[in-house]
Structure formats: C-alpha cells, structure tokens
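So the structure is just underneath, and the comments pick up after that.
Heavy atoms only: backbone and side chains are in, while hydrogens, waters and symmetry mates are out.
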Amino acid sequence: MILAQTVPTPGYDWLTLPAPASLLEGLFLLTFWIHMIFVGLSLGGSLILAGRSFLFLAKRDTIETLDRKMVRAIPPILSVTITTGIAPLLFVQTLYGHFSYSSNIFLGYFWLGSLVLLLAGFICLYLAGWLWDWQISLPALAALPVCFLGILYIFTNNALLTIQPDHWLEFHRHTSIIHVKDAITIPRLLHNIAYPIMFGGLFLAWTAKICRKDDKTGTERDNSGTISFAMGWFAMGAAAIILFNGWYYYSMPEALKEALIAGFTGKLIYLWMAITVLTVICGGLGVIQPAKNLWPFAGSVLSLVILIGMVLVREFIRKWYLARDVAGSFTIDNWNVANQWSAILVFLACLVAALAVVGIMIVMILRGKPEETCEA
C-alpha cells in the first residue's frame, strides 16, 4: 500500500530547503530539547501544585507559602514555553511539513482547541496566584493540569498522526476524530506525562531551598519536609519513565523494536536506561537527606541528560515510521537544497543571543536574595 492509496498529501519534490537537512535537523533537536525543559517545568509544576493542594487540604498555611510563590512563577515559565516552541515547530514544518500540515487539518477543531485550553490554563494560573482566595485557588489549581494535559493529549495524537499516514483514512472517513487508534498511543501519552512529574519535583525542591525565609516574620523556615516530598515526587517521575517506556517499547512494531536495539542506538538506549535508574536512586537519597543540595543538583543534571535521550529516540522513531512504504519511503535526504546561508546565520545569531539572555536571567534569579526572589 502506498501513500496515494490512503489520503493524498502535497508533493515536495519542487520545494527546496534553505540549508542541508542534517543542519536543520540538528537545530530542530536542540530547540526542541530546550522547549521540552520548559514544558516539563510548566506542566510538572501544575501537576505537583494540584497534588499538594489536595494532599495538604487541611494545612492552608502550607498552601499559602511555597505553593503560592511557585504558582506565581509558572506564568513567565509558560510564556517561555510557548516562545521556545516556535522554532522546533517551524523546523518540523520545514522538514516534515507535508505530513505535519495534513495531521493538523485532520485534527481540525481539536488542534485549534489547544489554544482555548492554553488560554484557560493562563486564567487558572492568574486566579490561583494573584487572586489568592481559598475558594478560588483550589478549583483553579485543580483545573490547571486538566487544561495542560488536554493540550498534551492533542499534541501527542498530532505527533502520532504525523508519522502514521496509514491512520489518515480513519480521520478522513470520520471514524476517528482525535484519538489515533494505535497500540503506541496510550503508552506514548503516559511517557510524555512521566518526565514533567520529574521536573515538577525539582521545581518544588529548588523553590523550597531558595525560599527559606518567611516573608511575614523574617525567620528561617524549615522546608526539609517539603524538599523530601519534592524529591519523592521526582523519584516517582523517574520510575514512571522506566515503567511507561517499557510499555511504549513493547507496543511498538517488531521491526521498530529490532531497529531500536540494534547497533550503536541500542547501546545508547541501555545507557539511557541506566541513567534513569540512577536518577531514581538520586531522588531516593534526596528524600532521606533533604538538607543536601547535591541531590537536587545531580537530579537536575541527570534530568537534562534523560531529556536528550528522549529527544533523540523520538526523532529516530519518527524517521523509522516515515521511511515505511505507506509514507512513501520518505527521508529528509529526499529534499532538494538551495543554501541560503544569510538566513541561517541570522537565526543562529538570534538563537545565541536569546540563550544568553535566558542564562543571564537565571543567574540573576539564583544570585538574588531569597526574600527578594520569593516576594509574595
């Protein structure tokens, strides 16, 4: 079965890339990795805030200190998440546009509905953070992860529909309207939820370590219990990655399994799994020794490494699916190239400048006094 026998897609032979495909792919992987960091912080932060709101329902003072500071930090992080998502989206549309655009059209109103959910999430954040009233903040914090998980569900199905044109006919005939009926859909969705849980734990742990001084009394606050809770959440996220990745792997087609574990790719995956196990251990030690900065710091570094592995494996899976006959045996090497180095150099200069600004902002925040950084 060929692509034209399912749902026709626009041709690409007459189009050209402005730079070698390998360079554009490398820039896509870099910008997507950066974007996923902020996705993990914003989604993971909302999940842990909602969880703590209900677990500590009887202890309103706990909710009104660190949690309030944390919920006020998420809107700018979410703004950066949206901003950093533009570049990888453009690279995907450049390299895989005739698949990506078709998937967007099939999802239609649901794809556009993700913007409504994003707006609702912003509203919940501001209600919870700035109009801090118990009867308002608790429902807002409960609705927040619903909005963000809804967006994640839509994006997961969009990503799968992009690489699986064999499911397009279902959407064309309206037998499916949003959910891709494939064995890998649910485990991939859970795989996408697991790593934000890990980042949410780190978010809370660092917030508790930085915000030790009580804003009202000026006394030092003992946040060891909160840090232990946060590192436990972090360890749970890392363990969930192992669990859901195992399910994801066993749901894949046999040929894809063999391709993943063959040769150098297989060695990298085994190394990545070993690092994930080490991350679980790091989280457990952070629960036992909450006063030490070593465990949150090591956990942060390991989380970034895990995220690199996720980005690389995801790209491998994408290329494997699109290389099948049903997708027209597509590879990015099929593209014609007409180099436009001026445009690429401008983009690289802007990317370096943006990363430098973000780095300076992070350093300024970390060097600020706790009472200034965490002012309510």
Side-chain angles (χ1 to χ4, degrees), residues 36-71 73-74 77 128 138 141-142 144-146 148-149 152 190-212 220-247 272-307 309-310 370 374:
M36 286 186 71
I37 293 172
F38 291 100
V39 169
L41 291 173
S42 53
L43 176 55
S46 66
L47 289 173
I48 198 169
L49 279 171
R52 281 172 59 83
S53 297
F54 288 96
L55 286 174
F56 300 107
L57 190 59
K59 301 179 181 179
R60 299 190 180 185
D61 289 341
T62 305
I63 301 299
E64 292 179 355
T65 52
L66 295 177
D67 301 69
R68 188 178 183 184
K69 302 176 193 302
M70 191 170 167
V71 76
I74 294 181
I77 292 175
L138 187 62
L141 289 175
L144 187 59
V146 175
F148 290 164
L149 289 175
L152 185 62
L190 296 175
H191 156 87
N192 289 336
I193 295 173
Y195 92 88
I197 294 175
M198 187 171 61
F199 273 77
L202 288 174
F203 193 173
L204 178 59
W206 283 117
T207 302
K209 283 186 172 294
I210 293 173
C211 304
R212 290 174 179 162
E220 289 290 326
R221 189 168 44 217
D222 182 12
N223 290 334
S224 57
T226 301
I227 296 172
S228 292
F229 176 88
M231 294 305 293
W233 189 280
F234 167 76
M236 181 179 66
I241 288 177
I242 297 173
L243 175 63
F244 295 141
N245 275 4
W247 184 7
W272 180 80
M273 291 299 294
I275 292 173
T276 309
V277 172
L278 182 62
T279 305
V280 176
I281 297 173
C282 177
L285 292 173
V287 174
I288 300 171
Q289 300 174 326
K292 289 191 175 181
N293 291 333
L294 172 63
W295 307 123
F297 177 79
S300 300
V301 174
L302 291 172
S303 298
L304 295 178
V305 174
I306 289 173
L307 209 54
M310 290 175 61
C374 307

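In terms of heavy-atom proximity, Phe244 sits nearest to Ala194 at CD1-CB, 4.0 Å. Taking all atoms of both residues into account, the shortest heavy-atom contact from Ala238 to Thr276 is O-CG2, 3.6 Å. Minimum heavy-atom separation, Ala142 to Pro145: O-CD, 3.5 Å. Taking every heavy atom of both residues into account, Met231 and Cys282 meet most closely at CE-O, 4.2 Å. Contact record, Phe203 with Ala73: CZ-CB, 4.0 Å, taken as the closest heavy-atom pair. Taking all atoms of both residues into account, the shortest heavy-atom contact from Ala208 to Ile227 is CB-CG1, 3.7 Å.
Taking CD1 of Ile241 as the reference point, atom OG of Ser303 lies at 7.5 Å (rounded to 0.5 Å). Atom CZ of Phe297 sits about 7.5 Å away from atom CH2 of Trp206, to the nearest 0.5 Å. A distance of 3.5 Å separates CD1 in Ile306 from OG1 in Thr279, rounded to the nearest 0.5 Å. One finds the CG atom of Leu202 at 10.5 Å from the OG1 atom of Thr207 (value rounded to the nearest 0.5 Å). The CG atom of Leu144 sits 6.0 Å away from atom CD1 of Ile74, with the distance rounded to the nearest 0.5 Å. Rounded to the nearest 0.5 Å, atoms CG (Leu47) and CG (Leu149) are 5.5 Å apart.
Of the possible polar contacts, none joining the Trp295 side chain to the Gly283 backbone as a donor-acceptor pair under 3.5 Å is found. Looking at Ser46, its side chain does come within 3.5 Å of a backbone N or O of Leu43 through a donor-acceptor pair.
Between Tyr195 and Phe199, the ring-plane angle classifies as perpendicular under the 30° and 60° cut-offs.
Side-chain contact between Trp233 and Leu204 is absent, with no heavy atoms from C-beta onward closer than 4.5 Å. Side-chain contact between Trp272 and Met310 is present, with heavy atoms from C-beta onward closer than 4.5 Å. Taking the side chain as every heavy atom from C-beta outward, Leu243 and Leu190 never approach each other to under 4.5 Å. Annotation: side chain of Arg52 is not in contact with side chain of Leu141 (no heavy-atom distance under 4.5 Å).
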Is there a side chain to side chain contact (heavy atoms under 4.5 Å, CB included) between Ile48 and Phe229? Walk through the geometry before answering. CA-CA 10 Å; Ile48 198 169; Phe229 176 88; 4.1 Å; yes
